[in-house]
*Asks:* 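Could you have a look at this structure, given as structure tokens, before my questions?
Each ligand, and each atom within it, is numbered from 1 in the order the structure gives.
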Amino acid sequence: MLGKPVDQTNVITCHLGNGSSVAAVRNGKCVDTSMGMTPLEGLLMGTRCGDIDPAAVLYLQTALGLSAKETDTLLNKKSGLLGLTGSNDLRAVIEGAGEGDARCQLGLDMFVRRVRKYIGSYMAVLDGEVDAVVFSAGIGENSALIRGLIVERLQGLGLSADAARNAAAVGGKQLDISAPGSRVRLLVIPTDEELSIAQQTLQVVSKAAPVAA
Ligand code: AMP
């Protein structure tokens, strides 16, 4: 889509689904990702809190008397959009916010704000040399509203979306949604996690020593 060799291309990918993460890719290789040792770190997700002050976790354990397992369940399965709004489905959160529900509006604002912070941070990681920001997965591929909110007022960082192209990028279409003249291109690219997992698994097992009969 950019007409450049992958090994000369820098991108920031925003995989926004029920699980979400942002990655900084320099010359075709991932050099940073919002996920940590587990997928809990980083963005606010459907049921995961994402980035949190570790002291807040210790405070919660003490104040509520939670075990390690209960804390894990709280942070991974009962937090994020679900904890804030009662639903882990962003469509329901958007609908609620439209009806004036303050918790849904908060969930929506927090979701968008966290993605914007990571894009800004990864711009710095990539020394400001970014060819494209890519949106992918259920939210990234389908929600013109969320993409629009993420990139609005980021013209100073070189990001500018074309409203009509953004609105047209729904239902798994691969599209360039940049406004003419946007220094950083904005791309919507459907994810294919299963293919990627299969390819990487094949790479690992084909390197492994054959098992003796
Ligand atoms: P995934 O995990 O990639 O299947 O993505 C699931 C998430 O995508 C859920 O939070 C859905 O609410 C969200 N999603 C799917 N379609 C839309 C849409 N049109 N607008 C907003 N969110 C959507």
*Asks:* Between atom CG of N27 and atom CD of E129, what is the distance when rounded to the nearest 0.5 Å?
*Replies:*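 Rounded to the nearest 0.5 Å, the CG-CD separation comes to 9.5 Å.
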*Asks:* Identify which one of L81, V112, I52 satisfies the side-chain contact (heavy atoms from CB on, under 4.5 Å) criterion when paired with L44.
*Replies:*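 Going through L81, V112, I52 one by one, the side-chain contact (heavy atoms from CB on, under 4.5 Å) with L44 is satisfied by L81 alone.
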*Asks:* If you draw a 6.0 Å radius around NZ in K4, do more than 12 non-hydrogen atoms from other residues or ligands fall strictly inside?
*Replies:*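 Counting neighbours around NZ of K4, more than 12 heavy atoms of other residues, nucleotides or ligands fall under 6.0 Å, so yes.
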*Asks:* Counting heavy atoms only, which of L90, T191, L16 comes nearest to atom 9 (C) of ligand 1?
*Replies:*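 The residue whose heavy atom sits nearest atom 9 (C) of ligand 1 is L90.
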*Asks:* Does any non-hydrogen side-chain atom of D51 lie less than 4.5 Å from one of R114?
*Replies:*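 Heavy-atom side-chain distance check passes, below 4.5 Å.
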*Asks:* Under a 4.0 angstrom heavy-atom cut-off, which atoms of ligand 1 come close to S143?
*Replies:*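 In order of number, 20 (N), 21 (C).
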*Asks:* Which of the atoms in ligand 1, numbered in the order shown and given with their element, are less than 4.0 Å from a heavy-atom of N18?
*Replies:*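 Ligand 1 atoms under the 4.0 Å threshold to N18: 1 (P), 2 (O), 5 (O), 6 (C), 7 (C).
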*Asks:* Please report whether ligand 1 has a polar contact with G138, defined as an N or O pair separated by less than 3.5 Å (distance criterion only).
*Replies:*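 Such a contact does occur with ligand 1.
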*Asks:* I'd like to check which ligand 1 atoms, numbered from 1 as shown, lie under 4.0 Å from a non-hydrogen atom of N88.
*Replies:*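 So the atoms of ligand 1 that pass are 10 (O).
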*Asks:* Which of the numbered atoms in ligand 1 are under 4.0 angstrom from any heavy atom belonging to D89?
*Replies:*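 Counting atoms of ligand 1 from 1, those under 4.0 Å from D89 are 10 (O), 11 (C), 12 (O).
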*Asks:* Check whether E141 reaches the backbone of A137 with its side chain - one donor and one acceptor, N or O, closer than 3.5 Å.
*Replies:*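 Confirmed, E141 side chain pairs with A137 backbone.
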*Asks:* Look at atom 13 (C) of ligand 1 and say which protein heavy atom is nearest, naming residue and atom and giving the distance to 0.1 Å.
*Replies:*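 Result for atom 13 (C) of ligand 1: I139 CG1, 3.5 Å.
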*Asks:* Can you confirm whether V184 sits close enough to D131 that some side-chain heavy atom of one is under 4.5 Å from a side-chain heavy atom of the other?
*Replies:*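 With C-beta onward as the side chain, the pair stays apart.
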*Asks:* Identify, for atom 23 (C) of ligand 1, the protein heavy atom at the shortest distance, and state residue, atom and that distance.
*Replies:*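 The protein heavy atom lying closest is R91 CG, 3.7 Å.
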*Asks:* Under 3.5 Å, side chain of N166 to main-chain N/O of A144, donor-acceptor pair present?
*Replies:*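 Side chain of N166 to backbone of A144: a pair is present.
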*Asks:* Taking distance alone, with N or O pairs closer than 3.5 Å, would you say H15 contacts ligand 1?
*Replies:*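 Looking only at distances, the answer is no, because the N/O contact criterion of under 3.5 Å is not met.
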*Asks:* Taking only heavy atoms of N142 into account, list the atoms of ligand 1 that are under 4.0 Å away from them.
*Replies:*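 Once the distances to N142 are compared, the set is 16 (N), 17 (C), 18 (C), 19 (N).
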